[in-house]
Amino acid sequence: MGGALLARAGWLPAQPGQRFATEFDPNTLEKFVDSLPVPRMATSHGSRPDPTDMMRRLAYYRIAMRQSTMQFHRDLKPATVWGFEGSVPGPTFETRSGEGILVEWANELPARHLLSIDHKIHGAEPGKPEVRAAVHMHGAKTRPESDGYPEDWIVPGKSILYHYPNQQDASTLWYHDHALGINRLNVYAGLVGMFLIRDPYEDGLNLPKGKYELPLVLFDRLFTRDGQLLYPVSGDPESPWVSEVYGNAIVANGKLFPYLEVEPRKYRLRVLNASNGRFYHLSFANKAEFHQIGTDQGLLSAPLALKSVIIAPGERVDLIVDFSQLRGERTIFESDTFVIMQFRVSPERVADDSSLPSSLRPVLRISESQAVKTRLLTLDEIDNSVGEPVRMLLNNSHWSMPITEKPVLGSTEIWSFMNPSDDSHPIHLHLVRFQLLDRRRYEPWLYRKNGEIRYLGGPMPPEPGEAGWKDTVRVDSRTITRIIVPFEGFAGRYVWHCHILEHEDNEMMRPYEIVSEREQKKM
Ligand code: C2O
Ligand code: CU
Ligand code: CU
């Protein structure tokens, strides 16, 4: 693992020019006084016709984005937040593979934004409505019109009906705002939630369920002294955008330093990194071993015993933690030097009839020979004269430039991401699932000079925890990271982007278009 990644995973000092006058140190708060909240389940309200088959009806949900207040800690004043149904994280959807649902996303937010908009950023120009929201289901296979395309935002008072067919394997998905140019602010304000898809294959594994299965939505934040969310600004009121935001405390399911009382048995934790920019390096303070059973798009082929796991913004890890060896003990779940939460294991022995099977779900590796095309795509940071980043690009292209990536529906391609920077960028493609082929260190200066690719060492295979189906992948510093992608699902326009939201908002996002074979013949 590169040094840059470690630096990113840990605390990074504020960038020069960031204003932290009211920064509050949450470490002064008493720890483990609030119990870990579990977001409530989303509930459907009747049914509506299936837009793709009028003979069928689908469960219908209405979820409103609202401003509300919540207490991040017992001793903090309530903070103003934006949440789905007013809660942060929003309600968890529990759905079944093959059973589509309809969600009406309603924007009931106020007319003024909670945080400072940078009107120099594309999509957020003066004259655009200040409050806009688009909801994207991260990891879902949906038609383009239900994907939450960044330009398909809605203003307060409006709503939009999206169809999630759920024609995909059991997995841990999540939903969040995706409005062009203000996505980082809307998510920071709290617009995130979890969406689970289950299927009979997973049911048959007898994994821990019910109260023994918990979502764990993690994000870092900065707070003002009176407990409000603080989003740093550049110091230039004309362009408040900052290139990265790191909080000084980690919030778990909406609480700072919560505790959870658990029984000495197995639990399943569905962990989501919903941070704008922070990578986590999760472990238990007592170095307890746990198992990873799944990644972004579902189960791994077999459980993986670990003592720590890295999770980049946008990624998910599905974990089984067995507390049976820790009867009567307390253990802290942490990320590097950050305390996240405490588990309090009750002393009484309990029966545990759940399983941790030795094999989970076969993940057939896609052979490189199946790819009909390989694209080399660069990740670019544009700096000003004093070396501060002013913008990030993909393949040196802006959002509004013509679409250059047009894979054919049903075909498989290799996308090679070239990252000359010192930072790791988590790259996400909408609609599809993919496999990580390898990462390989190369010489960025030589490439910049004359376009020559000189590798520094051989290809590094995916880490075992990444060897399943993914939708977001770390393109580590100074590597060429290759993924293999079957473009299955629907034709139409989607996006791919860096999941560091400050990057995504400032041009590190591009549209791509899946074309049907018929359209392709016309091209
Ligand atoms: Cu999780 Cu396009 O995003
Ligand atoms: Cu997505
Ligand atoms: Cu990035």
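Order of appearance sets the numbers: ligands from 1, and atoms from 1 within every ligand.
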Novice: What are the protein N, O or S atoms, given as residue plus atom name, that sit under 2.8 Å from the Cu ion (ligand 2)?
Specialist: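 Counting only protein N, O or S atoms under 2.8 Å from the Cu ion (ligand 2), the list reads H136 NE2, H428 NE2.
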Novice: Excluding sequence neighbours, so at least two apart, what forms side-chain hydrogen bond (donor to acceptor under 3.5 Å, both in side chains) with R143?
Specialist: none
Novice: If the threshold is 4.0 Å, N to carboxylate O, is there a salt bridge linking E108 and R66?
Specialist: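 The answer is yes: the pair qualifies as a salt bridge.
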Novice: Taking NZ, NE, NH1 and NH2 as the nitrogens, is one of them in D169 or R433 under 4.0 Å from a carboxylate oxygen of the other?
Specialist: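 Salt bridge: yes.
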Novice: Could you report the tightest heavy-atom contact between L218 and V271, atom names first, then the distance?
Specialist: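 The answer is CD1-CG1, 3.8 Å.
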Novice: Is it true that R268 and E202 make a salt bridge, defined as a side-chain N closer than 4.0 Å to a carboxylate O?
Specialist: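 Yes, R268 and E202 are salt-bridged.
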Novice: Can you tell me which N/O/S atom of H138 has the shortest distance to atom 1 (Cu) of ligand 1?
Specialist: ND1
Novice: Looking at D199 and R96, does any basic side-chain N land under 4.0 Å from a carboxylate oxygen?
Specialist: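 Salt bridge absent between D199 and R96.
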Novice: Do E507 and H398 get their side chains close enough for a donor-acceptor pair, meaning under 3.5 Å?
Specialist: yes
Novice: Going by ring pair (Phe, Tyr, Trp, His ring centres under 6.0 Å), name the residues that satisfy it together with Y442, two or more places apart in sequence or in a different chain.
Specialist: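 Counting only residues at least two positions away or on another chain, Y442 forms no ring pair (Phe, Tyr, Trp, His ring centres under 6.0 Å).
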Novice: Can you find a side-chain donor-acceptor pair between E504 and H178 that sits under 3.5 Å?
Specialist: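 Yes, H178 and E504 have a side-chain donor paired with an acceptor closer than 3.5 Å.
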Novice: State the count of protein N/O/S atoms located less than 2.8 Å away from the Cu ion (ligand 3).
Specialist: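 Excluding waters, the total comes to 3.
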Novice: Taking NZ, NE, NH1 and NH2 as the nitrogens, is one of them in R474 or D423 under 4.0 Å from a carboxylate oxygen of the other?
Specialist: no
Novice: Examine all N, O or S atoms of H499, backbone included, and report whether one is under 2.8 Å from atom 1 (Cu) of ligand 1.
Specialist: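 Under 2.8 Å: H499 contacts atom 1 (Cu) of ligand 1 through an N, O or S atom.
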Novice: Report whether any nitrogen, oxygen or sulfur of H428 sits less than 2.8 Å from atom 1 (Cu) of ligand 1 (N, O or S, backbone or side chain).
Specialist: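 No - counting backbone and side chain alike, H428 has no N, O or S atom under 2.8 Å.
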Novice: Is Q297 reaching over with its side chain to a backbone N or O of G139, donor-acceptor style, under 3.5 angstrom?
Specialist: yes
Novice: Hey, is atom 1 (Cu) of ligand 1 within less than 2.8 Å of some N/O/S atom on H176?
Specialist: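 An N, O or S atom of H176 is closer than 2.8 Å to atom 1 (Cu) of ligand 1, so yes.
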